[in-house]
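When reading the values below, keep in mind they use all heavy atoms of this one structure, side chains included, and skip hydrogens, waters and symmetry mates. First the proteins, then the strands, lettered A, B, ... as listed; each starts at 1.
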Protein chains: 2
Amino acid sequence: MSCPCRPLCLVPKPGCTRPGTPLPRHRASGPALARQVMALPLFDGLDHEVLERLMGDSTALACDRRTLLFSAGAAADSFYIVLDGQVKLFALTPDGRESIVEVFTPVSSFGEAAMLSMGAFPLHAEIIEDATLIKVGRRAFINTLQSDRSVGYRMLASLCRWHQRLSSEIRHLKEQPPWQRVAEFLLALTDAREGTALVALPFNKEILASRVGIRRESLSRVLARLRDMGVRTEGNSVRIDDVDALRRHCTEAGQ
Amino acid sequence: MSCPCRPLCLVPKPGCTRPGTPLPRHRASGPALARQVMALPLFDGLDHEVLERLMGDSTALACDRRTLLFSAGAAADSFYIVLDGQVKLFALTPDGRESIVEVFTPVSSFGEAAMLSMGAFPLHAEIIEDATLIKVGRRAFINTLQSDRSVGYRMLASLCRWHQRLSSEIRHLKEQPPWQRVAEFLLALTDAREGTALVALPFNKEILASRVGIRRESLSRVLARLRDMGVRTEGNSVRIDDVDALRRHCTEAGQ
DNA sequence: CCGCCACCCTGACCAAAGTCAAGGGGCCGC
DNA sequence: GCGGCCCCTTGACTTTGGTCAGGGTGGCGG
């Protein structure tokens with residue numbers, strides 16, 4: 001608790017006396033985590049020190065499963081960054097059933113829109129897997145925004161890039177068959193432009209399936225079919241025999 | 001040419017002496033156009049006067065089909081708003097074929113990301129249907145951004161809302177069957193919460209189909225099936241017998 | 001060792017969307 | 001009126017993804 005880098009050790013400093021790891025459940029830690037937070041769409045491209053200052057003004061929360069983070073209608077004076085665990089955003093239907101609108105996994109952020117534009121959260125949020133969150137207050141955020149003229153500009157820029165990614169995903173969902181989406185997902189995991197590549201799936205097949213918009217059974221079948229195109233998968237490691245050939249398969253089949 | 005509202009008559013002023021319609025190929029004009037431009041994700045929520053000032057510093061371009069607007073690598077010192085016509089963004093593959101990355105139709109904007117972050121366009125842009133564009137320079141944009149502290153904030157907010165729309169569209173594409181997407185599209189066209197509604201399709205079925213990510217034949221079949229749920233379509237006008245019933249159909253079928 | 005569980009694969013079946021082909025109706029210029 | 005075109009619909013057929021059920025493997029605790 002006497003860690004000099006409060007409230008959050010993005011990059012644990014030498015003098016840190018906090019007992020144990022500061023954020024025990026992290027998949028990433030230290031520099032890797034810092035890199036991830038900095039790669040958040042909202043922060044992508046920001047100076048390290050600006051981010052550090054913002055983090056310094058923010059709070060780290062350790063939340064247990066089944067905690068209600070906030071409910072719909074609550075004042076939205078901050079937004080959240082998911083460092084670890086999972087948070088679901090949901091609405092309650094008139095008849096009492098809940099409808100999950102979105103599930104946030106590390107590392108992502110949510111609630112910016114509510115905070116920035118509406119002032120109140122439109123949905124309920126509940127922790128569905130023990131989580132570590134950063135709560136960023138509106139005041140601190142605006143301070144950051146105004147601390148430097150370029151910050152707002154940078155944020156706009158990074159949101160634009162975010163938008164580009166999202167709309168390209170929409171295009172893919174609309175015009176590509178599932179197997180191509182899977183193939184492109186795999187291709188995106190490697191920097192190799194040709195030859196064979198060995199990549200590790202970042203999460204299990206269930207999540208990968210939902211990521212590309214299909215059921216896990218279909219994913220199995222797709223991976224089976226991709227074997228003919230030189231994609232060998234074993235556990236969560238995948239071997240692409242010929243990156244370029246696979247890439248050409250995708251583009252030419254896509255018309 | 002002596003129109004007082006240069007370079008663009010968003011809302012033609014009484015004293016306008018410009019001969020004929022200022023932007024002849026517009027589908028929308030006057031207040032309707034202004035509304036559309038103001039609803040651009042980037043500008044959504046901005047004050048009318050701020051927008052007017054920005055437009056005043058910008059240039060309207062009338063471009064002919066097959067014009068190359070810019071090529072990849074060109075300095076990105078402005079971005080564009082498509083008022084009319086169509087623009088395609090494409091890349092050239094090593095073997096000389098072109099791969100279309102995106103097609104922009106009215107009213108939308110492109111190139112913000114390139115302008116804001118990279119400084120150079122990553123793709124080629126070509127007019128594929130006689131177009132009217134607004135070219136917004138970086139300088140003018142930044143001036144707007146700095147003219148008022150709240151502008152940057154507002155733009156961030158509206159981009160966040162934009163993001164929400166996009167990610168909700170992604171969710172829909174992934175977890176809803178086509179007929180539900182069609183139904184929700186129709187429901188989104190009316191404000192009615194119950195009873196019967198009469199809506200007009202904003203574009204032809206071909207485009208509507210691609211909007212929801214299916215072929216036009218499938219759209220026909222979907223609309224045929226929706227007839228059983230009290231959706232009568234004739235030409236581009238659609239009658240929803242019971243808005244609430246249809247909405248319930250959607251949510252309960254979606255689990 | 002066993003049972004349990006999480007994760008993954010597979011096969012059989014069904015429903016639904018894509019594809020290909022044909023045709024209807026409205027609009028337009030000749 | 002006629003032919004052509006555009007937009008849309010329909011039908012027959014194919015392909016593919018969803019669903020359901022079964023089963024395999026590996027880790028873990030009893």
Side-chain angles (χ1 to χ4, degrees), chain A residues 27 65 85-86 103 105 128-130 170-186 199-229 231-239 249-250 252-255, chain B residues 27 86 105 128-129 170-186 199-229 231-239 249-250 252-255:
Chain A
R27 294 170 196 183
R65 216 167 96 87
Q86 293 193 334
V103 174
T105 53
I128 56 177
E129 190 181 291
D130 288 357
I170 290 178
R171 269 206 326 282
H172 289 159
L173 284 170
K174 285 197 214 173
E175 34 197 66
Q176 285 188 333
W179 72 264
Q180 276 184 37
R181 299 203 296 271
V182 174
E184 299 218 326
F185 182 92
L186 295 179
V199 303
L201 298 179
F203 26 61
N204 71 25
K205 305 260 168 83
E206 173 89 49
I207 295 182
L208 172 54
S210 101
R211 194 61 188 51
V212 297
I214 55 177
R215 303 267 163 259
R216 62 175 183 288
E217 296 96 326
S218 297
L219 177 61
S220 279
R221 283 185 257 273
V222 165
L223 289 176
R225 269 209 293 158
L226 284 181
R227 266 192 276 280
D228 303 339
M229 306 203 231
V231 177
R232 235 140 286 274
T233 124
E234 188 170 323
N236 74 342
S237 76
V238 180
R239 208 179 96 96
H249 259 115
C250 282
E252 75 197 29
Q255 172 55 249
Chain B
R27 295 170 195 183
Q86 291 193 336
T105 54
I128 56 177
E129 191 181 290
I170 290 177
R171 269 205 326 282
H172 288 160
L173 284 170
K174 285 195 211 173
E175 37 198 62
Q176 286 190 331
W179 73 263
Q180 277 186 37
R181 298 202 297 270
V182 174
E184 298 218 326
F185 181 92
L186 296 178
V199 302
L201 299 180
F203 27 59
N204 70 28
K205 306 259 168 83
E206 173 88 48
I207 295 180
L208 172 54
S210 99
R211 194 66 187 47
V212 297
I214 56 178
R215 303 266 162 263
R216 65 174 183 289
E217 296 97 324
S218 298
L219 177 61
S220 278
R221 282 185 255 273
V222 164
L223 289 176
R225 269 207 295 159
L226 284 180
R227 264 192 277 281
D228 303 339
M229 305 203 231
V231 177
R232 236 140 285 274
T233 122
E234 189 170 320
N236 74 341
S237 77
V238 179
R239 208 180 95 98
H249 258 115
C250 282
E252 74 198 29
Q255 173 48 251

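Scanning all heavy atoms of the two residues, the minimum distance from Ile214(A) to Arg181(A) falls at CG2-NH2, 4.1 Å. Nearest heavy-atom pair across Gln180(B) and Cys250(B) is OE1-O, 3.4 Å. Closest approach of Lys174(A) and Arg211(B) over heavy atoms only: NZ-O, 3.0 Å. Minimum interatomic distance between Leu226(B) and Trp179(B) (heavy atoms only, all atoms of both residues): CD2-CE3, 4.1 Å.
Between the CD atom of Glu206(B) and the P atom of dC6(D) there is a distance of 12 Å, rounded to whole Å. Between Lys205(A) atom NZ and dT10(C) atom C1' there is a gap of 14 Å when expressed in whole angstrom units. Here dG18(C) presents its P atom at 17 Å from CH2 of Trp179(A), a figure rounded to the nearest Å. For the pair Asn204(B) CG and dC6(D) P, the computed distance is 13 Å after rounding to whole Å. When the P atom of dC9(C) is taken as reference, atom CG of Leu208(A) falls 10 Å away, rounded to whole Å. The interatomic distance linking Arg216(A) (CZ) with dT10(C) (C1') rounds to 13 Å, in whole Å. dC8(C) atom C1' lies 14 Å from atom CD1 of Ile207(A), rounded to whole Å. Whole-Å rounding puts the Arg215(B) CZ to dT9(D) P distance at 16 Å.
Relative to the side chain of Arg227(A), the nucleotides dT10(C), dT9(D), dG18(C) differ in distance, and dT10(C) lies closest.
Looking at Arg221(A), its side chain comes within 3.5 Å of the base of dT19(D) through a donor and an acceptor atom.
Using a 4.0 Å heavy-atom criterion, one finds that Pro178(B) contacts the sugar-phosphate atoms exclusively.
Residues Val222(B) and Glu217(B) each lie close to DNA chain C; by heavy-atom proximity, the contact nearer the 5' end of the strand is made by Val222(B).
In this structure, Ser218(A) reaches the dG18(D) phosphate: one of its side-chain N or O atoms is under 4.0 Å from OP1 or OP2.
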